[in-house]
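Whatever order the structure lists ligands and atoms in, that order sets their numbers, starting from 1. The residues of the chain are indexed from 1 along the displayed sequence.
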Amino acid sequence: MPRTLAFLRHGQSQWNLENRFTGWVDVDLTEKGEAEARKAGQLLKQEGTEFDGTFTSVQTRAIRTLNLALEEMGECWLPVIKNWRLNERHYGALTGLNKQETREKHGDEQVHIWRRSYDVPPPPLEDSSAFPSLNDRRYRGVDVPKTESLKLCLDRVEPYWNEAIAPAVRDGQNCIIAAHGNSLRALVKLLFEVSDQDITSVEIPTGNPLLIQLDENLKPTAARYLDQDRAQPLPGGF
Ligand SMILES: O=C(O)[C@H](O)COP(=O)(O)O
């Protein structure tokens with residue numbers, strides 16, 4: 001029995017608009033981001049897939065994107081499971097900084113390494129940072145990272161895939177995963193078996209559902225973005 005997964009990156013956030021490194025800071029969607037989320041819901045509805053379950057992070061921008069999409073789909077009743085392991089990659093000491101100003105200060109190459117290399121994390125967030133997550137009660141009992149490369153992000157996403165999402169999919173459920181640019185890149189790397197090198201050029205557009213068909217071994221057999229005008233190249237020849 002084929003299974004369908006929909007990966008949905010949250011719509012534009014306030015700090016996407018301001019071009020700031022966001023990571024674990026809980027910024028909300030802009031009006032454009034809300035519209036992107038609704039459009040994603042319309043596209044998912046047109047597609048006609050019957051979804052059984054949904055997963056998201058504990059960050060407002062992903063949760064609201066999912067809720068707005070489900071509202072458009074007329075499927076607000078679907079179960080939603082939230083887990084910090086689907087959060088955005090932690091941007092360490094870059095958190096809150098403007099991406100262009102950071103390029104001007106450290107150079108394009110260094111910033112590209114921080115943003116897209118597989119295993120080079122940005123410098124750690126300092127304890128004096130204005131953006132601590134440590135005391136946030138949603139992270140009680142969580143070993144809150146001080147920085148993460150994509151590899152470190154995958155290291156905490158993968159157990160959640162194995163323990164929560166994969167069993168549901170194996171069970172025959174079609175699932176939506178509403179998350180973030182880098183936690184979804186981590187899942188794309190895992191599912192499509194993308195090399196450490198090739199994952200550096202994978203970009204996932206905001207609010208554009210990526211529909212993936214999986215076989216019984218959870219190997220992708222087809223994948224496409226529902227909004228083809230805003231699609232990005234996919235790994236694995238899809
Ligand atoms: O956390 C962020 O700043 C964004 O959500 C993802 O940013 P990136 O494209 O710079 O990795």
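Taking both residues in full, the closest heavy atoms of N162 and P167 are given as O-CD, 3.3 Å, listed atom of the first, atom of the second, then distance.
Between the side chain of Q59 and the backbone N or O of E88, at least one donor-acceptor pair lies under 3.5 Å. Here the side chain of E36 pairs a donor or acceptor atom with the backbone of Q12 at under 3.5 angstrom.
Closest to atom 2 (C) of ligand 1 among all protein heavy atoms lies T22 N, 3.5 Å. Of all protein heavy atoms, the one closest to atom 7 (O) of ligand 1 is K99 NZ, 3.0 Å. The nearest heavy-atom contact from the protein to atom 11 (O) of ligand 1 is Y91 OH, 2.6 Å.
For ligand 1, the atoms sitting less than 4.0 Å from at least one non-hydrogen atom of N182 are 6 (C), 11 (O), numbered in the order shown with element in parentheses. The E88 neighbourhood of ligand 1 comprises atoms 1 (O), 4 (C), 5 (O), 6 (C), with distances under 4.0 Å to a heavy atom of that residue. Per-residue contacts place F21 under 4.0 angstrom from the following atoms of ligand 1 (heavy atoms of the residue considered): 3 (O).
Grouped with V25 in one hydrophobic cluster are W15, V27, F131, the linkage being side-chain heavy-atom contacts under 4.5 Å among Ile, Leu, Val, Met, Phe, Trp and Tyr residues.
The closest approach between H180 and ligand 1 stays at or above 4.0 Å for every heavy atom of the residue. Distances shorter than 4.0 angstrom occur between a heavy atom of G23 and an atom of ligand 1.
Taking the charged nitrogens against the carboxylate oxygens, R3 and D215 have no contact shorter than 4.0 Å, which rules out a salt bridge. Under the 4.0 Å criterion applied to side-chain N and carboxylate O atoms, D196 and K189 are assigned as salt-bridge partners.
Classified by interplanar angle (parallel below 30°, tilted 30° to 60°, perpendicular above 60°), the ring pair W114/H106 is perpendicular.
For E203, no nitrogen or oxygen atom sits less than 3.5 Å from a nitrogen or oxygen atom of ligand 1, counting backbone and side chain alike.
At a heavy-atom cutoff of 4.0 Å, ligand 1 is contacted by no atom of W15, backbone or side chain.
For atom 10 (O) of ligand 1, the candidate residues are R61, R116, R20, R115; the nearest heavy-atom contact is made by R115.
Between Y139 and N87, the closest side-chain pair of non-hydrogen atoms falls below 4.5 Å.
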